[in-house]
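Every chain is numbered from 1 and lettered A, B, ... according to where its sequence line falls, protein lines coming before strand lines.
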Amino acid sequence: MSKVEPRTLRGFRDYLPAKMIPRQRMIESIERTFQRFGFAPLMTPALEYLEILTGKYGDEGDQLLYRFKDNGGRDVGLRYDLTVPLARVVAQYPGEITLPFRRYQIAPVWRAENPARGRFREFMQCDADIVGSKDMAADAELVQLGCELLEGLGVERFKVRVNHRKILSGLMARLGITSREAESGILRTIDKLPKIGEAETMKLLRADNGLEEGSIAKVFEFLRIAGTSTEVLAGLEKIFEEGSIGRQGVTELREVFSILEAAELSSAVDIDLSIARGLSYYTGTIYETFLTDLAGYGSVMSGGRYDELVGVFRGESVPAVGISLGIDRLLEGLVELKLLKEARAVAPVLVTVFGADTAGYAARIARWIRAAGVGCELYPAYAKMKKQFTRANDMGQRWVVIAGSDEMAKGQAAVKDMQLGQQELVAIEQLGQYLADRVNAV
RNA sequence: GUGGAUGUAGCUCAGUUGGUUAGAGCGCUAGACUGUGGCUCUGGAGGUCGCGGGUUCGAGCCCCGUCAUCCACCCCA
């Protein structure tokens, strides 16, 4: 056989143990948080009929779908997110799903994007959604969940930025914009404000979006509304007439924030009127979350309300809100911030093996240690002690259990704590307990 | 997808106006230390100079193509 060049596809990555161990721990933490909030697990296939996926993400999104014909000639696509499959499931099993339905799903999604820092073609999303509630209690609950997800991962410095589609629609109504194209063009320009500044934004609004001075003034009257959430809401209320669509958005956001404040969680949450979100299915609140210390890095967690999406599959519309954490982007972000300690070994204990004469004794010791619930690796070859110690050191294993012929003769093992540099002789029947006490104390 | 930059050992990089056998640090490995890791010292292994073509007596260096990576735009988890 000719040699095949080992390589991975652009935008796709291998996760070696040093990354995979912390990643798996993150996923476990996220899953625990989801369950603590009463969300139930759901799994759906990676492949969907293409028609399920198309038309849900906007023109840009459609371009980014991985699509092909399967072996039977069917048009299929790899899922682009976990929200559309959820909407499909809710519509497909009306008899088996009790509304409001709270589910979580942790699974990879695929987007044929141009890879960049923190952006991949295959990445894991962690989604939680509440389907079947139109009330802001659900929106607030998901924001709270989002904050706790990040806190549970040890991320302290982040900000959830919240906006509302109806507020943006209200602005469009004030500008007399009716076409969806013009609207998304303007939103795209507005979205750049934090990056390019006011003067440039004005230029673009004039040049790219063809807005008149009066309209530009209205956009900035809107964008300059700043301050605490209470102040922003008050400012918006002055702009939007009672009964207008914009006013509805303000009222809903006000409700979300009053719940967050009462729950004492509003400090990590801000209103940001420039957040637009590209996915076209959002209809209400929208969220994007940024790491405070990585300005310019993409959103690590986002979501929003999509009251019309389920209706696409069901006829009657069912209101829904969701939030999605991108674990791979977050992981890379934490690596950049040096907040992630890479770990190489899963088991904290290494049992030495010197030769055929003591291998059986070492295997028996390892069995006892494992029976005590302690992760334990048996050195997989006959090697010099020095070599085995070096490995334990490199792997970050704190305890080395020496099972040589001297120990075997006495029914003992020497346990060395690599961190303290101290060593003790322990009878093997006490070894499991001895190590369990120490490992659990860490 | 568009524009710009980069591609030399496992990693970070050096490599003078194209000139014989391509270097350093770190890492890896063996030993100094014949039952003990981290520190130190000594030796060793490891490179189709991303890949393909061209110019040249001669290419890591110049030209073309290609692939990959990074940055910006775009968009987002």
Side-chain angles (χ1 to χ4, degrees), chain A residues 3 5 7-13 16 30 57-64 79-83 106-127 146 149-150 184-185 187-189 191-192 195-196 200 204 208 275-280 282 286-291 296-304 322-333 350 352-355 358 379 383-408 413-423 425:
Chain A
K3 189 197 163 204
E5 188 60 29
R7 56 191 184 143
T8 44
L9 283 165
R10 185 171 161 75
F12 289 72
R13 292 137 10 111
L16 300 185
I30 290 165
Y57 306 110
D59 295 341
E60 304 261 355
D62 276 2
Q63 310 271 314
L64 300 178
R79 65 176 165 232
Y80 182 90
D81 68 2
L82 302 176
T83 308
I106 299 174
V109 303
W110 293 269
R111 298 181 185 179
E113 288 193 272
N114 210 7
R117 180 168 78 131
R119 179 194 275 161
F120 317 103
R121 288 184 171 167
E122 176 184 60
F123 60 95
M124 189 76 87
Q125 281 196 323
C126 308
D127 274 42
L149 282 177
L150 290 172
S184 62
L187 290 179
R188 225 173 297 144
T189 306
D191 199 51
K192 291 179 195 164
K195 240 182 201 168
I196 64 175
E200 277 301 305
L204 287 181
D208 293 2
I275 296 288
R277 298 215 28 82
L279 299 184
S280 58
Y282 289 107
I286 42 187
Y287 324 103
E288 300 239 12
T289 310
F290 298 91
L291 299 175
Y297 198 68
S299 163
V300 295
M301 180 174 76
S302 68
I323 198 155
S324 175
L325 174 72
I327 207 173
D328 295 300
R329 179 174 286 179
L330 180 60
L331 182 73
E332 285 308 306
L350 177 72
T352 58
V353 182
F354 299 112
T358 54
Y379 194 88
K384 289 187 183 177
M385 181 170 281
K386 180 187 171 87
K387 197 168 178 176
Q388 302 189 45
F389 267 84
T390 305
R391 177 190 169 90
N393 210 43
D394 291 347
M395 289 294 182
Q397 293 171 312
R398 180 160 172 185
W399 291 274
V400 175
V401 175
I402 302 159
S405 48
D406 296 357
E407 287 79 8
M408 184 165 74
V415 178
K416 177 154 183 178
D417 182 325
M418 300 293 276
Q419 214 162 50
L420 301 176
Q422 291 167 355
Q423 186 168 320
L425 275 171

Please give, in whole Å, the distance from [N] [atom2] to [X] [atom1]?
{"X": "A:Leu64", "N": "B:A77", "atom1": "CG", "atom2": "P", "value": "11 Å"}
{"X": "A:Ile286", "N": "B:A77", "atom1": "CD1", "atom2": "P", "value": "11 Å"}
{"X": "A:Tyr379", "N": "B:G35", "atom1": "OH", "atom2": "P", "value": "17 Å"}
{"X": "A:Gln388", "N": "B:G35", "atom1": "CD", "atom2": "P", "value": "13 Å"}
{"X": "A:Arg13", "N": "B:A77", "atom1": "CZ", "atom2": "C1'", "value": "12 Å"}
{"X": "A:Arg121", "N": "B:A77", "atom1": "CZ", "atom2": "P", "value": "17 Å"}
{"X": "A:Asn114", "N": "B:A77", "atom1": "CG", "atom2": "C1'", "value": "16 Å"}
{"X": "A:Trp110", "N": "B:A77", "atom1": "CH2", "atom2": "C1'", "value": "14 Å"}

By nearest-heavy-atom nucleotide on RNA chain B, the more 5' of A:Gly326 and A:Glu407 is A:Glu407
RNA chain B nearest-nucleotide lookup for A:Leu9 and A:Gly118: closer to the 5′ end is A:Leu9
Stem ranges of RNA chain B by first residue number, counting only runs of at least 3 Watson-Crick or G-U pairs under 3.5 Å, come to B:1-7 with B:67-73, B:10-13 with B:23-26, B:28-32 with B:40-44, B:50-54 with B:62-66
Determine whether [X] and [Y] make a side-chain contact, defined as any pair of heavy atoms from C-beta on separated by less than 4.5 Å.
{"X": "A:Leu420", "Y": "A:Arg398", "value": "yes"}
{"X": "A:Phe354", "Y": "A:Lys384", "value": "no"}
{"X": "A:Ile402", "Y": "A:Met385", "value": "yes"}
{"X": "A:Met301", "Y": "A:Ile323", "value": "yes"}
{"X": "A:Met418", "Y": "A:Asn393", "value": "yes"}

Can you check whether [Y]'s main-chain N or O pairs, donor with acceptor, with [X]'s side chain at less than 3.5 Å?
{"X": "A:Thr352", "Y": "A:Val401", "answer": "yes"}
{"X": "A:Arg111", "Y": "A:Leu64", "answer": "no"}
{"X": "A:Arg121", "Y": "A:Glu113", "answer": "yes"}
{"X": "A:Gln388", "Y": "A:Ala383", "answer": "yes"}
{"X": "A:Asp328", "Y": "A:Met124", "answer": "yes"}

Name the nucleic acid region contacted by [X], choosing base, sugar-phosphate or nothing; use a 4.0 angstrom heavy-atom cut-off, strictly under.
{"X": "A:Gly61", "result": "nothing"}
{"X": "A:Met301", "result": "sugar-phosphate"}
{"X": "A:Glu332", "result": "nothing"}
{"X": "A:Gly404", "result": "nothing"}

[X] side chain, from C-beta outward: closest of [options]:
{"X": "A:Ile402", "options": "B:U36, B:A77, B:C71", "answer": "B:U36"}
{"X": "A:Arg117", "options": "B:A77, B:G35, B:C71", "answer": "B:C71"}
{"X": "A:Asn393", "options": "B:A77, B:G37, B:G35", "answer": "B:G37"}
{"X": "A:Phe389", "options": "B:G1, B:U36, B:G35", "answer": "B:U36"}
{"X": "A:Met418", "options": "B:G35, B:A77, B:G37", "answer": "B:G37"}

Using the aromatic ring of A:Phe354 (for Trp, its six-membered ring), decide whether it stacks on the base of B:G35 within the limits of 5.5 Å and 30°. no
How far, in whole Å, is [M] from [N] if one measures between their [atom1] atoms?
{"N": "B:G60", "M": "B:U20", "atom1": "C1'", "value": "15 Å"}
{"N": "B:A59", "M": "B:A68", "atom1": "C1'", "value": "22 Å"}
{"N": "B:A30", "M": "B:G19", "atom1": "C1'", "value": "38 Å"}
{"N": "B:A45", "M": "B:G54", "atom1": "P", "value": "35 Å"}
{"N": "B:U8", "M": "B:G23", "atom1": "C1'", "value": "10 Å"}
{"N": "B:C13", "M": "B:U6", "atom1": "P", "value": "14 Å"}
{"N": "B:G58", "M": "B:G18", "atom1": "P", "value": "16 Å"}
{"N": "B:G43", "M": "B:U48", "atom1": "C1'", "value": "28 Å"}

Within the sub-3.5 Å range, which N or O atoms of nucleotides 26-31 of chain B have a protein N or O partner, and how far apart are they?
from	atom 1	to	atom 2	distance (Å)
B:G31	OP1	A:Lys384	NZ	2.7
B:G31	OP2	A:Lys384	NZ	3.4

Kindly say if A:Ser299 contacts the phosphate of B:A77, meaning a side-chain N or O under 4.0 Å from OP1 or OP2.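 For B:A77, OP1/OP2 do not have a side-chain N/O of A:Ser299 under 4.0 Å.
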Polar side-chain contact A:Gln423-B:G35 base: donor and acceptor under 3.5 Å
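Result: no qualifying N/O pair found.
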With no hydrogens and no angle check, just 3.5 Å: does a side-chain donor-acceptor pair link A:Glu288 and A:Ser302? no
| query | For the side chain to side chain donor-acceptor pair (under 3.5 Å) test, which of A:Thr83, A:Asp127, A:Asp81 pairs with A:Ser324? | reply |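 Filter result, single survivor: A:Asp127.
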